[in-house]
Amino acid sequence: MNDESQTFSEHDARSDTSVLDSVKQVFTPVTDALKNIQNLDVPDATRDFVKRAAGTAKEKAADIHAGSEKVTAVIETAVSNSVAEAAKISRNIQHAIYQDAEAFFAGIDRLASAKSINEVVQIQSDLVRSQGEALITRAKSTTEYLGKLVTESTKTAQDNLAKIYNKSA
């Protein structure tokens, strides 16, 4: 190493040290404040306030959780009742279709056994009349069922809303 490069290195080292010292001096108040904050006493009133606020927040969170559980239970009941009713309706429709198919094939058998045109007309008239009576009976049955279903669903909804409102109020 020559003297000139050694001089630059010494100068760079002194310059780095002086910059570091300057930064330390500038941040000394901040460093001292951070050291002293660890020894800072929190007033009793502040601790009590934080404890009360945390307790109140915990109670509110528990109330919200309980309320959401109630709402979920109400929805679950409504959905399961709806699914059960939909399945019941589907079974009834399937049964009606099966009855119609049986009546149709029984009518075909009766028509095939007819020996005269008058007998065919009579059998056909009987089939049309019995099918009309079956449709009227199903319509009455469906109307009664839907009326009962609406009444029960309305009552259940009112009861569930009352439970939610009364328990959350």
Side-chain angles (χ1 to χ4, degrees), residues 27 30-31 33-169:
F27 284 101
V30 174
T31 306
L34 290 175
K35 286 179 187 175
N36 293 336
I37 201 163
Q38 295 173 0
N39 299 328
L40 185 66
D41 288 332
V42 177
D44 289 341
T46 303
R47 286 194 306 268
D48 290 342
F49 172 77
V50 170
K51 286 179 183 178
R52 281 193 315 270
T56 301
K58 186 177 177 181
E59 289 172 10
K60 292 296 180 190
D63 290 346
I64 289 170
H65 177 70
S68 68
E69 287 289 331
K70 291 172 194 165
V71 169
T72 301
V74 167
I75 291 169
E76 184 179 32
T77 300
V79 168
S80 67
N81 288 343
S82 296
V83 169
E85 288 302 321
K88 185 176 178 181
I89 290 168
S90 178
R91 281 191 298 276
N92 288 341
I93 290 170
Q94 292 168 8
H95 184 68
I97 291 169
Y98 179 72
Q99 285 177 332
D100 288 346
E102 281 185 322
F104 175 76
F105 291 121
I108 296 288
D109 285 343
R110 286 182 58 208
L111 284 171
S113 66
K115 296 183 181 175
S116 70
I117 295 293
N118 285 340
E119 196 175 349
V120 168
V121 171
Q122 183 61 43
I123 292 171
Q124 182 63 28
S125 295
D126 291 344
L127 290 175
V128 169
R129 185 177 355 93
S130 68
Q131 186 62 29
E133 290 171 356
L135 285 174
I136 290 171
T137 302
R138 285 186 191 144
K140 286 180 183 177
S141 229
T142 302
T143 302
E144 289 171 5
Y145 175 74
L146 290 176
K148 178 182 160 196
L149 185 62
V150 167
T151 302
E152 288 175 359
S153 296
T154 302
K155 173 92 171 91
T156 302
Q158 288 172 340
D159 291 346
N160 288 336
L161 288 174
K163 286 179 191 175
I164 291 171
Y165 179 73
N166 290 336
K167 291 181 181 177
S168 66

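All values below come from the heavy atoms of this structure, side chains included, with hydrogens, waters and symmetry mates left out.
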Does a donor on one side chain and an acceptor on the other come within less than 3.5 Å for Gln122 and Asp126?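 The answer is yes; a qualifying pair exists.
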Working to the nearest 0.5 angstrom, can you tell me the gap between [X] [atom1] and [Y] [atom2]?
{"X": "Thr56", "Y": "Glu59", "atom1": "OG1", "atom2": "CD", "answer": "5.5 Å"}
{"X": "Ser113", "Y": "Ile108", "atom1": "OG", "atom2": "CD1", "answer": "11.0 Å"}
{"X": "Arg129", "Y": "Gln124", "atom1": "CZ", "atom2": "CD", "answer": "11.5 Å"}
{"X": "Glu69", "Y": "Thr72", "atom1": "CD", "atom2": "OG1", "answer": "6.0 Å"}
{"X": "Arg110", "Y": "Glu119", "atom1": "CZ", "atom2": "CD", "answer": "9.0 Å"}
{"X": "Ile97", "Y": "Asn92", "atom1": "CD1", "atom2": "CG", "answer": "11.0 Å"}

Where Val120 and Leu111 come nearest, the two heavy atoms and their spacing: O-CD2, 3.7 Å
Exercise: identify the closest heavy-atom pair between Leu127 and Ser130: O-OG, 3.0 Å
I would like to know whether Thr154 and Gln158 meet side chain to side chain contact (heavy atoms under 4.5 Å, CB included); could you show each step before the answer? CA-CA 6 Å; Thr154 302; Gln158 288 172 340; 4.0 Å; yes
Criterion side chain to side chain donor-acceptor pair (under 3.5 Å) on Gln94 and Ser90, from CA distance to verdict: CA-CA 6 Å; Gln94 292 168 8; Ser90 178; 3.3 Å; yes
Asp100 and Arg138: side chain to side chain contact (heavy atoms under 4.5 Å, CB included), yes or no, with the steps? CA-CA 12 Å; Asp100 288 346; Arg138 285 186 191 144; 2.9 Å; yes
Around atom OH of Tyr145, are there more than 12 heavy atoms from other residues, nucleotides or ligands closer than 6.0 Å? yes
Decide, yes or no, whether a salt bridge links Lys155 with Asp159 under the criterion of side-chain N to carboxylate O below 4.0 Å. yes
